[in-house]
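Note that the structure is a prediction, hence the values are computed from the model and not measured. Below, chain A is the first sequence line, B the second, and so on; all start at residue 1.
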Amino acid sequence: MTELISLPKKRKGESTNWWEEDEQDDFSIQKWKSLEHHGVIFPPDYIPHNIPLFYDDEAISLTSEQEEVATWWSSVIGTEWETKEIFRKNFEQNFLKLFGSDHQIKSLDKCDFKKIAEYVEVQREVKKARPPEEKKQERESKQKLDEEIGYGIVDGKREKISNIIVEPPGLFRGRGQHPKAGYIKTRLRPEDITINVGKSNLVPKCPVPGHAWKNVVHNNYVTWLAYYKDPVLSFSNVKYVYLAASSKFKGLNDKLKYEKARKLKGLIDGIRHDYFDKIKKDNQVNKQLGTALYLIDKLALRVGNEKTEDEADTVGCCSLKVSNISFKENCQITLDFLGKDSMRYFNTVPVDPNVHENLRKFVEGKGPDEELFDLITTSSLNEYLKTFMKSLSAKVFRTYNASVTLQMLLGKFNHKNMQVEEKVQFYTDANREVAILCNHQKSTPKNFEVQMEKMQDKLKDKFESLNLLETHLKGFLSKKIAQNADKKFPTSEENTRKAIVRAKTSIKNMEIKLKMKDDNKTVALGTSKINYMDPRITVAWCKNNEVPIEKVFPKALRSKFIWAMYTEPSWEF
DNA sequence: TGAGGTACTTAGGATTCCAATG
DNA sequence: CATTGGAATCCTAAGTACCTCA
């Protein structure tokens with residue numbers, strides 16, 4: 001077997017890699033012994049441009065704070081945010097508050113941001129048009145800064161930090177119908193930040209002169225380096241600063257996640273047996289538990305925690321409403337609801353007859369806004385799962401089903417002689433099936449249609465030149481001089497044959513590309529690759545089939561999954 | 001048992017990068 | 001050499017899960 005992945009050399013008797021160590025178990029209790037880092041840094045202060053806002057054709061000069069917020073709005077103009085009702089309404093309220101009730105500015109509709117918007121546009125152009133050396137220098141100084149403070153030291157090992165710059169101020173872009181979309185996200189100061197470092201390690205210096213961190217703690221039961229209250233959702237949300245995906249903290253948890261899913265694989269037959277039991281003959285609560293778990297297992301639904309009034313109204317399995325389900329003939333149901341990120345789940349599937357009957361009963365006598373599963377909660381469902389395995393919870397089913405599906409699909413591969421590109425396409429097809437199972441979507445790229453047409457045209461051209469080549473070849477065969485004997489056509493029969501082969505592969509590749517593009521129009525492949533499919537399945541498959549790993553895992557994924565790179569070709573999920 | 005808090009994973013869109021193309 | 005479009009990465013919102021406390 002060729003070694004297709006370049007790996008750090010292992011030294012005899014010395015193991016510096018966490019995934020080769022034995023002490024992974026106590027990670028669940030104590031995460032580290034020493035932790036050292038440079039804290040967080042803050043986005044640059046706002047620099048005013050002193051361009052006025054016009055109100056009833058009158059120039060209004062703004063304070064720096066008002067101007068900054070007005071400038072945010074200016075860059076929203078022309079995007080769909082500008083006309084999004086909640087966003088606009090919330091912004092107006094927030095914005096007017098900055099002026100006070102006796103100020104003449106009383107309505108967003110009458111505000112004219114044109115001059116500021118022009119300025120924003122010009123600045124954008126200026127930034128884009130910077131000379132390349134300047135851009136390069138900027139990039140380099142950014143890298144240097146990152147090199148200096150973008151790393152922490154955990155138990156003596158240098159680790160990348162994922163987010164050292166705290167979130168800049170701006171307008172809150174909540175997704176879907178988020179009740180707080182358009183709120184002002186205020187600027188964070190050192191006084192908002194709690195720092196976590198080792199007791200005997202240096203406390204990071206506050207980067208803003210004359211200011212100080214809110215607090216410094218030494219909590220080694222957690223993996224975060226710092227946290228702050230979210231400026232918009234401060235009542236509930238906390239933002240953490242963590243190490244990057246390549247770190248031991250993240251990698252080890254990731255590995256444990258997949259190991260848990262593999263354990264579920266060993267139990268799944270018993271679990272399915274048990275929930276079918278519950279579906280059939282138990283009391284109402286158990287009927288709901290069994291039926292909900294059936295949907296989670298079969299359709300890879302999220303568990304669906306309750307949400308508060310201050311969030312977009314989305315659902316998962318346990319929070320499904322009567323209006324989200326409809327019943328079709330042949331034991332089919334249609335689920336239609338907005339899930340995480342307000343992405344629509346819309347699917348018609350046949351279900352087990354008992355499930356179908358249960359669901360019909362759950363709906364009986366309820367209004368459209370009432371809960372389908374009114375007798376259970378996500379906690380009670382997870383409690384039920386704990387009876388099978390102490391660390392089992394609903395989300396493990398998504399991981400398990402995604403990984404099992406990938407393993408099964410890749411297991412069908414038996415085309416070792418394929419071109420690498422075709423092998424990659426096979427992999428992508430499997431990836432897509434998983435993504436569809438998990439309902440990972442993306443919006444159709446802008447001017448997708450135009451680009452498809454362009455590619456179609458190109459393909460047509462390629463067919464035409466293939467035709468010409470074949471005619472040219474016939475010329476040789478009938479011993480006539482080909483009429484295209486000039487310029488761009490090959491001068492020998494052999495070369496013509498070669499050119500034909502080249503043209504054919506080129507057409508084939510183009511067709512593959514075209515099909516992939518269309519198939520992937522609305523399917524997001526990345527999410528399942530990053531979060532759901534055990535990377536060892538992919539690594540083993542690549543090794544077995546001589547596909548270089550970088551064809552399927554870009555750099556960031558190779559370092560995230562460094563622990564999986566040593567997987568043996570014979571490994572199975 | 002339910003609400004709120006905490007810590008972590010998962011998610012799509014925006015932005016940036018980079019290589020192919022004219 | 002500039003443009004452009006797809007891939008890769010960045011950003012931060014939005015989930016899950018579990019704990020504590022009344």
Peer 1: Could you tell me the separation between the CG atom of L557(A) and the P atom of dT9(C), rounded to a whole number of Å?
Peer 2: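 It works out to 8 Å between those atoms.
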Peer 1: Please tell me which of I530(A) and F172(A) maps to the more 5' nucleotide of DNA chain C, matching each residue to the nucleotide holding its nearest heavy atom.
Peer 2: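 Upstream on the strand: I530(A).
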Peer 1: Under 4.0 Å between any heavy atoms, over every strand shown, what does G526(A) touch: base, sugar-phosphate, or nothing? Just pick one.
Peer 2: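 If one applies the 4.0 Å heavy-atom cut-off, G526(A) turns out to touch nothing in the nucleic acid.
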Peer 1: If you only use heavy atoms from C-beta on, which nucleotide in dA11(B), dG12(B), dC8(B) is closest to the side chain of R398(A)?
Peer 2: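 Of the options given, the side chain of R398(A) lies nearest dA11(B).
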Peer 1: Atom CG of N237(A) and atom C1' of dA14(C): how far apart are they, to the nearest Å?
Peer 2: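 Checked: the CG to C1' distance equals 8 Å.
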Peer 1: Using a 4.0 Å heavy-atom cut-off, does R302(A) contact any base of the nucleic acid, only the sugar-phosphate backbone, or nothing at all?
Peer 2: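 If one applies the 4.0 Å heavy-atom cut-off, R302(A) turns out to touch the sugar-phosphate alone, with no base involved.
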Peer 1: Just compare dC18(C), dC8(B), dA17(C) and give me whichever is closest to any side-chain atom of N305(A).
Peer 2: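 Minimum distance to the N305(A) side chain belongs to dA17(C).
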Peer 1: Does a salt bridge link K160(A) with D146(A), judged by any charged N lying under 4.0 Å from a carboxylate O?
Peer 2: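 Salt bridge present between K160(A) and D146(A).
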Peer 1: Looking just at side-chain N and O atoms, do T538(A) and Y427(A) make a donor-acceptor pair shorter than 3.5 Å?
Peer 2: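 Yes, because at least one side-chain N or O of T538(A) sits under 3.5 Å from a partner of the opposite role on Y427(A).
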Peer 1: Which whole-number value in Å describes the distance from Y242(A) OH to dT12(C) C1'?
Peer 2: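 Those two atoms, OH and C1', are 13 Å apart.
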Peer 1: Once you apply a heavy-atom cut-off of 4.0 Å, does G304(A) come out as touching a base, just sugar-phosphate, or nothing?
Peer 2: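 Answer is sugar-phosphate: G304(A) comes under 4.0 Å of backbone atoms only.
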Peer 1: For A394(A), which contact category applies under a 4.0 Å heavy-atom criterion: base, sugar-phosphate, or nothing?
Peer 2: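 Sugar-phosphate: the residue A394(A), judged by heavy atoms under 4.0 Å, touches backbone atoms but no base.
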Peer 1: Between K386(A) and dC18(C), is there a contact of a side-chain N or O with OP1 or OP2 at under 4.0 Å?
Peer 2: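 Yes, because at least one side-chain N or O of K386(A) sits under 4.0 Å from OP1 or OP2 of dC18(C).
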Peer 1: Under 4.0 Å, counting only non-hydrogen atoms across every strand here, what does E311(A) touch: a base, just sugar-phosphate, or nothing?
Peer 2: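 Answer is nothing: E311(A) stays at 4.0 Å or more from every strand.
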Peer 1: So what does P231(A) touch, heavy atoms closer than 4.0 Å: a base, only the sugar-phosphate, or nothing?
Peer 2: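 Counting heavy atoms under 4.0 Å across all strands, no contact is made by P231(A).
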Peer 1: Does H178(A) put a side-chain nitrogen or oxygen below 4.0 Å from OP1 or OP2 of dA14(C)?
Peer 2: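 The answer is yes; a side-chain N or O of H178(A) sits under 4.0 Å from OP1 or OP2.
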Peer 1: Is any side-chain nitrogen or oxygen of S393(A) closer than 4.0 Å to OP1 or OP2 of dA17(C)?
Peer 2: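 S393(A) to dA17(C) OP1/OP2: side-chain N or O found under 4.0 Å.
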Peer 1: Nearest to the K250(A) side chain among dT9(B), dC8(B), dA13(C), which nucleotide is it?
Peer 2: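 Of the options given, the side chain of K250(A) lies nearest dT9(B).
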Peer 1: Should N253(A) be listed as having a side-chain N or O under 4.0 Å from OP1 or OP2 of dT9(B)?
Peer 2: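 Yes, such a contact exists.
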Peer 1: Nearest to the side chain of T527(A), heavy atoms from C-beta on, is which of dT12(C), dG12(B), dT16(C)?
Peer 2: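 Selected nucleotide: dG12(B).
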Peer 1: If you check the M343(A) side chain, which of dG12(B), dA7(B), dT12(C) turns out closest?
Peer 2: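 The nucleotide sitting nearest to the side chain is dG12(B).
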Peer 1: In terms of side-chain heavy atoms of K307(A), which of dA14(C), dC18(C), dG12(B) is nearest?
Peer 2: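 So the side chain of K307(A) is nearest to dA14(C).
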Peer 1: From the list dT12(C), dA11(B), dT9(C), which nucleotide is the closest neighbour of the side chain of K555(A)?
Peer 2: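 Selected nucleotide (nearest to the side chain): dT9(C).
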Peer 1: Does T223(A) put a side-chain nitrogen or oxygen below 4.0 Å from OP1 or OP2 of dC8(B)?
Peer 2: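 T223(A) to dC8(B) OP1/OP2: side-chain N or O found under 4.0 Å.
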Peer 1: Between Y240(A) and D254(A), who's closer to the 5' end of DNA chain B by nearest nucleotide?
Peer 2: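 Upstream on the strand: Y240(A).
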Peer 1: Can you tell me the distance, in whole Å, between the CG atom of N439(A) and the P atom of dA14(C)?
Peer 2: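 From N439(A) CG to dA14(C) P: 17 Å.
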Peer 1: Do R344(A)'s NZ or CZ and the ring of F346(A) fall within the cation-pi criteria of under 6.0 Å and 45°?
Peer 2: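 Ring-cation test returns yes.
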Peer 1: Any carboxylate oxygen within less than 4.0 angstrom of a Lys/Arg side-chain nitrogen, looking at R536(A) and E259(A)?
Peer 2: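 E259(A) and R536(A): salt-bridged.
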Peer 1: Using a heavy-atom cut-off of under 4.0 Å over every strand shown, decide if K560(A) touches base, sugar-phosphate, or nothing.
Peer 2: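 Result for K560(A) = nothing.
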Peer 1: Under 4.0 angstrom, heavy atoms only, what part of the nucleic acid is N163(A) near: base, sugar-phosphate, or nothing?
Peer 2: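 Touches nothing.
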Peer 1: Taking only side-chain N and O atoms of N531(A), does any of them lie within less than 4.0 angstrom of OP1 or OP2 on dT9(B)?
Peer 2: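 For N531(A), the contact criterion (side-chain N or O under 4.0 Å from OP1 or OP2 of dT9(B)) is not met.
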Peer 1: Does a salt bridge link E311(A) with K180(A), judged by any charged N lying under 4.0 Å from a carboxylate O?
Peer 2: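 So E311(A) does not pair with K180(A) through a salt bridge.
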Peer 1: N382(A) has an atom CG; how far is it from atom C1' of dC8(B), in whole Å?
Peer 2: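 Interatomic distance, CG of N382(A) to C1' of dC8(B): 15 Å.
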Peer 1: Is any N or O donor-acceptor pair between the side chain of K340(A) and the base of dT10(B) shorter than 3.5 Å?
Peer 2: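 Result: at least one qualifying N/O pair found.
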Peer 1: Using 30° and 60° as the class limits, which term best fits the ring planes of F87(A) and W73(A): parallel, tilted or perpendicular?
Peer 2: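 If you compare the ring of F87(A) with that of W73(A), the planes turn out parallel.
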Peer 1: Verify the contact: side-chain N or O of K257(A) to OP1 or OP2 of dC8(B), cut-off strictly under 4.0 Å; return yes or no.
Peer 2: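 Indeed not, no polar side-chain atom of K257(A) lies that close.
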Peer 1: Select base, sugar-phosphate, or nothing to describe what S379(A) touches, counting heavy atoms under 4.0 Å on all strands.
Peer 2: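 Nothing, no nucleic acid heavy atom in range.
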Peer 1: Between dT12(C) atom P and Y227(A) atom OH, what is the distance in whole Å?
Peer 2: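 Between P of dT12(C) and OH of Y227(A): 20 Å.
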Peer 1: Between Y221(A) and dA7(B), is there a contact of a side-chain N or O with OP1 or OP2 at under 4.0 Å?
Peer 2: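 Answer is no, no contact under 4.0 Å.
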Peer 1: In terms of side-chain heavy atoms, does N347(A) have a donor or acceptor partner in Y345(A) at a distance below 3.5 Å?
Peer 2: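 Yes, because at least one side-chain N or O of N347(A) sits under 3.5 Å from a partner of the opposite role on Y345(A).
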Peer 1: Establish, with yes or no, whether the OP1 or OP2 oxygen of dG13(B) is under 4.0 angstrom from a side-chain nitrogen or oxygen of S443(A).
Peer 2: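 Answer yes for this pair, as a side-chain N or O of S443(A) is under 4.0 Å from OP1 or OP2.
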Peer 1: Any idea which of dA11(B), dA17(C), dT12(C) is nearest the K239(A) side chain?
Peer 2: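 The closest nucleotide is dT12(C).
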Peer 1: Rounded to whole Å, how long is the line connecting atom OH of Y532(A) with atom C1' of dG15(C)?
Peer 2: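 In whole Å, dG15(C) C1' and Y532(A) OH are 9 Å from each other.
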Peer 1: Considering only heavy atoms from C-beta outward, does the side chain of N431(A) approach that of S528(A) to under 4.5 Å?
Peer 2: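 Side chain of N431(A) against side chain of S528(A), heavy atoms only: contact under 4.5 Å found.
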Peer 1: The side chain of P554(A) lies closest to which of these nucleotides: dT16(C), dT9(C), dG12(B)?
Peer 2: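 Of all the options, the side chain of P554(A) is nearest to dT9(C).
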Peer 1: Which nucleotide wins on minimum distance to the side chain of A556(A), given the candidates dT9(C), dG13(B), dC17(B)?
Peer 2: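 Ranking dT9(C), dG13(B), dC17(B) by closest atom to the A556(A) side chain puts dT9(C) first.
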Peer 1: Expressed as a whole number of angstroms, how long is the span from R173(A):CZ to dC10(C):C1'?
Peer 2: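 That distance rounds to 15 Å.
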Peer 1: Between F249(A) and K142(A), name the one whose nearest nucleotide on DNA chain B is closer to the 5' end.
Peer 2: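 The answer here is F249(A).
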